[in-house]
Amino acid sequence: MGAQRAQPKKKSTTLQYLFDLDSTNNNNSKNGGNNMNTNNNRSTNQSYETEELLSIISYCTTFIFTFTDPSETSTQQDFKGLKLTQLLSLLKSSEKPTDDDQIISALVSMISANLFRPLPPSSNPSTTSDSTEDEDPITIPTPSWPHLQIVYSILLWLIINSDPKTLRCYIDHSFLLNMLLLFQSEDPRERESLKNTYHRIYSKFTFYRSFMRKSMINVFLHFVCEMETHCGIRELLEIWGSIINGFTVPLKEEHKMFLMRVLIPLHKPKGIQTYHRQLAYCVSQFVQKEPVLCGTVVRGILRYWPVTNCQKEVLLIGELEELVENIDPEQYKKLAKPLCTQIAKCLNSSNSQVAERAIYVWNNEQFVKMAMLEIAEVFPEVVKRIEMNLRWHWSRSIRQLTESIKAMLEEMDQSLYFKCVQDMEHTTAMAKQEEMKRKLKWEGLEMAAAKKQIFQ
């Protein structure tokens with residue numbers, strides 16, 4: 001007997017089954033409706049946020065307060081400040097506002113309208129040459145800084161949180177050049193914000209790096225060759241210090257030219273005191289990467305040595321002493337004579353700070369080691385300056401410090417020191433004889449002229 005085929009089980013059509021089926025369908029339709037409502041609500045919220053952002057941006061673009069116009073009221077200024085703060089808060093809390101081109105375009109327009117403004121003329125250009133080291137040449141606060149500070153924060157937030165390729169259409173060459181112009185602001189707070197923002201753009205917008213370097217170089221050259229008054233040289237050099245630190249070895253020819261044609265000539269202006277620390281750091285970065293460049297740097301600094309600026313002399317002596325630590329040993333003999341000669345001349349400076357700083361260089365073991373390699377060339381000039389100090393310098397403390405150098409040099413080579421003293425005295429005696437001959441000759445000429453006048 002074959003197996004019987006199983007009969008398929010019929011679906012139940014009871015009232016309970018129909019009730020359960022209807023309940024399931026209702027639940028599914030409700031869930032679908034809820035999802036649609038959620039998506040609609042989310043879309044509505046995003047649309048509302050976008051409209052609110054654009055409204056605030058539009059207000060901040062339209063109303064610009066200088067804080068110097070008598071027609072402006074403090075209530076209006078405070079309200080604008082609140083709007084800028086609200087805008088920054090909304091940007092930070094919104095979901096990807098930088099994905100919306102409309103918002104980015106409006107933001108960049110607002111930033112440009114608030115930041116890019118004509119700066120007032122320098123209130124006292126002459127202060128640059130009289131400033132001391134690490135002192136701001138001019139520190140005049142910008143009246144509108146309460147608003148500018150928030151705008152700079154918005155710009156920095158935009159750069160950090162946006163894709164550089166997206167911003168490329170809005171932050172272009174013109175925008176970057178306008179930022180460079182603002183480095184002439186007399187407010188150090190604005191220059192600091194500019195420095196941080198400009199450096200962030202350089203590090204993130206790699207396709208702009210070459211243009212940004214050339215633009216900064218043009219500012220330096222304009223400062224050295226034409227202006228000699230610029231408030232932002234220190235901040236620009238701080239940016240360059242970070243850039244140079246990232247250069248790979250061997251250095252490119254372009255970078256070496258920057259050292260020779262820009263950084264070394266920056267030792268020339270009178271106001272070097274305001275940015276010397278940053279300049280010395282940039283130069284030392286080059287020398288540390290390629291010590292062979294030290295010879296070029298030392299000769300360049302000696303070429304721009306000041307005649308009457310004592311503060312600048314003290315700074316340059318210190319920079320030369322630091323460079324000695326990185327001099328390539330093969331260049332010792334080439335640099336020993338010009339370097340030691342200049343330091344020796346500073347020993348006789350009537351300014352006690354310059355003379356004292358030059359004396360302390362002889363405590364540097366590396367400097368003494370370099371001088372010893374060319375002792376026959378270096379000793380005559382150094383001994384001459386030491387003896388002049390001991391005989392005629394007005395400062396007792398300088399004479400006492402000079403005695404210590406004399407003792408050190410005598411220990412190195414006493415016979416050579418004694419010979420140099422004799423040669424100096426012989427040269428002095430010969431010079432006195434020549435002076436006497438010249439004097440007698442002039443007296444004879446005067447007497448002859450007087451007799452001829454009498455006979456006439």
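Note that the structure is a prediction, hence the values are computed from the model and not measured.
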* Structure fact -> By ring pair (Phe, Tyr, Trp, His ring centres under 6.0 Å), H147 pairs with (sequence neighbours left out) F67
Which atom pairs, donor and acceptor, lie under 3.5 Å between side-chain atoms of residues 433-446 and protein residues at least two apart or in another chain?
| from | atom 1 | to | atom 2 | distance (Å) |
| --- | --- | --- | --- | --- |
| E435 | OE1 | R438 | NH1 | 2.8 |

* Evaluate ring-ring contact (aromatic ring centres under 6.0 Å, His included) for F247 paired with H255, printing each intermediate quantity in order. => CA-CA 8 Å; F247 286 167; H255 301 153; 3.6 Å; yes
* To do: Verify side chain to side chain contact (heavy atoms under 4.5 Å, CB included) between V297 and N326, making sure each step is shown before the conclusion.
  => CA-CA 11 Å; V297 172; N326 297 303; over 6 Å; no
* **For the student: nearest non-hydrogen atoms of W305 and C346, plus distance** => CZ2-SG, 3.7 Å
* Please check if the side chain of S284 supplies one atom and the backbone of Y281 the other of a donor-acceptor pair under 3.5 Å. => yes
* Counting N and O atoms only, with roles assigned by atom type, does the side chain of S89 sit under 3.5 Å from a partner on the main chain of T85, one being a donor and the other an acceptor? -> no
* Begin with the C-alpha distance, continue with both residues' side-chain angles, and end with the deciding distance and a verdict on side chain to side chain contact (heavy atoms under 4.5 Å, CB included) for E425 and V421. => CA-CA 6 Å; E425 291 177 348; V421 171; 3.8 Å; yes
* **Residues that Y360 engages under ring pair (Phe, Tyr, Trp, His ring centres under 6.0 Å), provided they are two or more places apart** => none
* Between R117 and E190, is the closest basic N to carboxylate O distance under 4.0 Å? -> yes
* **Neighbour count >12 (heavy atoms, 6.0 Å) for atom CZ, F418** => no
* **With E387 via salt bridge (charged side-chain N to carboxylate O under 4.0 Å, His left out) - residues at least two apart** => R391, K406
* To do: Side-chain contact test, heavy atoms from C-beta onward, threshold under 4.5 Å: evaluate it for I301 versus I264 and give yes or no.
  => no
* Asked: Can any side-chain N or O of S349 pair as donor or acceptor with the backbone N or O of K345 at less than 3.5 Å?
  -> no
* Could you tell me whether the side chain of E325 reaches within less than 4.5 Å of the side chain of V287, counting heavy atoms only? => no
* **NZ/NE/NH1/NH2 to OD/OE distance under 4.0 Å, D163 and K165** => no
* To do: Answer yes or no: is there a side-chain heavy-atom contact under 4.5 Å between M216 and I243?
  => yes
* Pairs involving residues 70-80, ordered by first then second residue, that meet side-chain hydrogen bond (donor to acceptor under 3.5 Å, both in side chains) (sequence neighbours left out) -> T66-E72, D69-S71, E72-Q77, T73-Q76, K80-N114
* **Whether over 12 other heavy atoms sit under 6.0 Å from K204 NZ** => yes
* Asked: Nearest heavy-atom pair of K83 and I56: which atoms, and what distance?
  -> O-CG2, 3.5 Å
* Structure fact -> In short, I201 meets M179 closest at the heavy-atom pair CD1-SD, 3.8 Å
* **Closest contact, heavy atoms only, L90 versus L53** => CB-CD2, 3.7 Å
* Asked: Heavy atoms, side chains only, cut-off 4.5 Å: are S144 and F65 in contact?
  -> no
* All ring pair (Phe, Tyr, Trp, His ring centres under 6.0 Å) counterparts of F367, not counting sequence neighbours -> W362
* Asked: Got a sec: does the CD of Q353 have more than 12 other heavy atoms crowding it under 6.0 Å?
  -> no
* Decide if the gap between the ring center of Y59 and the ring center of F79 is smaller than 6.0 angstrom. => yes
* Could you tell me whether K334 atom NZ has more than 12 heavy atoms of other residues or ligands within 6.0 Å of it? => no
* Are any non-hydrogen side-chain atoms of V219 and S215 less than 4.5 angstrom apart? -> no
* To do: Would you check, one step at a time, whether the test side chain to side chain contact (heavy atoms under 4.5 Å, CB included) holds for N196 with Y152?
  => CA-CA 10 Å; N196 295 332; Y152 277 114; over 6 Å; no
* For the student: nearest non-hydrogen atoms of L91 and W157, plus distance -> O-CZ2, 3.2 Å
* Asked: Any donor-acceptor pair under 3.5 Å linking the side chain of Q331 with the backbone of G295?
  -> yes
* **Ring-face cation of R168 near F207 (centre distance under 6.0 Å, axis angle within 45°)** => yes
* **Residue E365 excluded, over 12 heavy atoms near CD under 6.0 Å** => no
* Does the distance from a Lys or Arg side-chain N to an Asp or Glu carboxylate O, for R357 and E321, drop under 4.0 Å? -> yes
* Partner of L347 under side chain to side chain contact (heavy atoms under 4.5 Å, CB included), chosen from H393, E356, K384, R385 -> R385
* **Worked check of side chain to side chain contact (heavy atoms under 4.5 Å, CB included) between C282 and Y275** => CA-CA 11 Å; C282 290; Y275 59 81; over 6 Å; no
* Asked: Should the pair F258 and W240 be assigned to parallel (<30°), tilted (30 to 60°) or perpendicular (>60°) ring geometry?
  -> parallel
* Asked: Do the rings of F183 and Y198 sit parallel, tilted or perpendicular, given the 30° and 60° boundaries?
  -> perpendicular
* If every non-hydrogen atom of R189 is compared with every non-hydrogen atom of P141, which pair is closest and at what distance? -> NH2-CB, 3.3 Å
* Geometric cation-pi criterion, R209 with Y202: 6.0 Å, 45° -> yes
